[in-house]
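Just so you know, ligand 1 is whichever comes first in the structure, and atom 1 is the first atom listed for that ligand. Because the structure is a prediction, the values reported are computed rather than measured.
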Amino acid sequence: MTVFPDHLRDLEQLGRRDRLRTLSPRTGRDFSSNDYLGLGGSQALRSAVRDALERGVPVGSGGSRLLRGNHAEHEALEAEAATFFGAEASLFFSTGYAANAALLATLPQRGDLVVHDALIHASAHEGMRAGRADCVAAAHNDVAAFADAIGQWRTSGGRGRVWLVVESLYSMDGDRAPLNDLAQLADAANAVLIVDEAHATGVFGRDGRGLCADLERRDKLITLHTCGKALGCEGALVVAPRIFVDFLVNRARSFIFSTAPSPLMASAVRAALRIVAGEPERRAELHARIDLAHRLLVPRGASDTGSQIMPVIIGEDAPTMARAASLQSAGFDVRGIRPPAIPTGTARLRLSITLNTTPDDIEALAEALA
Ligand SMILES: Cc1ncc(COP(=O)(O)O)c(C=O)c1O
């Protein structure tokens with residue numbers, strides 16, 4: 001057998017640092033998925049997919065959107081999403097990762113500045129690495145640090161456009177961005193605000209539209225709504241002024257040189273958006289569980305985030321993984337999160353509250369954490 005010593009050494013090193021990952025089956029009560037509204041396995045989405053199949057919607061798209069892969073289901077979804085999220089246009093990508101990477105690699109130009117939150121998702125970093133703009137991190141949720149970064153760049157001769165990049169609800173911390181202050185800063189700096197709504201879509205905002213639902217500055221706002229979390233599907237919708245969508249269609253490599261997402265998935269996402277808008281009782285039920293989880297789990301070490309994401313910060317990697325393993329063996333699907341997904345020294349259990357678990361499950365987890 002061929003030996004690849006460099007790769008082997010790297011894996012061994014990860015093992016010695018308690019950072020080796022392996023795939024494990026999904027078992028136990030769900031305190032780790034992002035299927036916040038329990039739509040992933042729901043009867044409602046199954047029926048929507050069955051109906052679409054019966055209407056003749058194909059499973060495979062057969063090509064890039066710019067060639068034969070463009071299907072009426074993609075366009076119907078994009079039109080509905082633009083209306084739902086209140087913007088001029090939207091564009092459907094296969095994953096949130098590809099969408100974030102495309103946005104940041106493509107829209108900011110050479111000579112521009114991207115100021116991003118220090119805790120922004122890996123997919124945004126991927127895009128920034130491939131892009132041509134200057135990029136600088138601002139301390140987490142610190143609007144003054146964003147303003148300073150812009151000021152320093154202008155003072156040192158920066159003349160291009162500024163792009164501010166944040167998540168509305170942070171995936172590993174469960175806290176919210178100060179969106180109104182960031183929007184004001186963006187206005188003052190004539191900047192474009194890009195907001196990744198991955199964990200807020202379907203859960204927060206009017207009709208589940210996310211935390212940007214009430215930001216009244218649509219001409220310089222781009223939002224990203226991933227479809228693999230509360231919407232229970234996969235893919236992502238970039239929602240933006242028409243000029244940016246046209247630009248992505250012409251310039252975003254991960255959109256152009258890639259097979260279009262399944263038209264069946266586009267039908268499923270369309271159904272999910274209708275469920276989110278038309279069945280507010282699901283969201284109300286989720287928020288009741290989030291309240292219960294805060295009452296029971298915060299006294300046992302979970303962070304008081306006010307959201308469905310409630311980390312228990314432990315610090316070091318090994319004890320975090322040991323704690324996760326002991327909860328798993330007690331029947332709870334709780335995962336330990338280690339660097340590089342989060343900063344070193346902040347390893348944590350990432351508790352996620354979804355409609356896949358019952359109030360009894362939350363009470364049982366509280367006892368196990370105690
Ligand atoms: C904040 C954020 N943005 C983007 C993504 C990527 O989305 P997807 O899983 O659809 O690739 C994730 C997924 O974990 C995320 O948490």
Side-chain angles (χ1 to χ4, degrees), residues 21 23 26 30 32-37 39-40 77 81 85 90-107 114 116-130 137 140-141 163-177 179 182 193-205 210-212 222-240 248 252 254-255 258-262 265-266 268-269 272-273 305 307-311 335-343 348 350-354:
R21 269 81 169 175
L23 300 175
R26 56 158 88 187
D30 176 10
S32 71
S33 83
N34 301 317
D35 183 21
Y36 302 123
L37 294 173
L39 285 179
L77 167 62
F85 292 111
S90 87
L91 193 63
F92 187 42
F93 282 79
S94 307
T95 65
Y97 196 97
N100 242 338
L103 274 179
L104 288 159
T106 312
L107 295 183
V114 176
H116 64 89
D117 190 279
L119 297 187
I120 199 79
H121 193 257
S123 50
H125 283 282
E126 187 79 19
M128 288 188 282
R129 260 200 300 274
H140 178 53
N141 275 349
W163 305 74
L164 305 181
V165 184
V166 299
E167 290 174 31
S168 55
L169 186 76
Y170 281 86
S171 60
M172 294 296 160
D173 292 80
D175 58 342
R176 300 171 183 214
L179 286 175
L182 285 162
L193 180 60
I194 300 182
V195 184
D196 182 343
E197 292 257 46
H199 296 272
T201 307
V203 178
F204 288 101
L211 289 164
C212 290
I222 300 174
T223 55
L224 174 74
H225 303 271
T226 59
C227 309
K229 305 188 194 300
L231 299 185
C233 300
E234 69 180 27
L237 290 154
V238 168
V239 175
L248 290 168
S254 71
F255 180 83
S258 186
T259 298
S262 162
M265 193 50 73
V269 173
L273 288 180
T305 59
S307 79
Q308 76 280 20
I309 301 167
M310 302 176 66
R335 308 287 171 118
I337 308 287
R338 289 164 283 177
I342 37 127
R348 65 196 67 187
R350 177 185 182 273
L351 304 180
S352 158
I353 306 304
T354 73

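- No side-chain N or O of Tyr97 forms a donor-acceptor pair with one of His121 less than 3.5 Å apart.
- Under the 3.5 Å distance criterion, the side-chain polar atoms of Asp35 are matched with a main-chain donor or acceptor of Gly40.
- Closest of all the heavy-atom pairs between Asp117 and Asn141 is OD2-N, 2.7 Å.
- For the 3.5 Å distance criterion, the side chains of Asp175 and His140 qualify, holding a donor opposite an acceptor.
- Here the side chain of Gln308 pairs a donor or acceptor atom with the backbone of His199 at under 3.5 angstrom.
- Of all heavy-atom pairs between Glu234 and Val269, the closest is O-CG2, 3.9 Å.
- The immediate protein surroundings of ligand 1, defined as residues with any heavy atom under 4.0 Å of it, consist of Thr95, Gly96, Tyr97, Asn100, His121, Ser123, Glu167, Ser171, Asp196, Ala198, His199, Thr226, Lys229.
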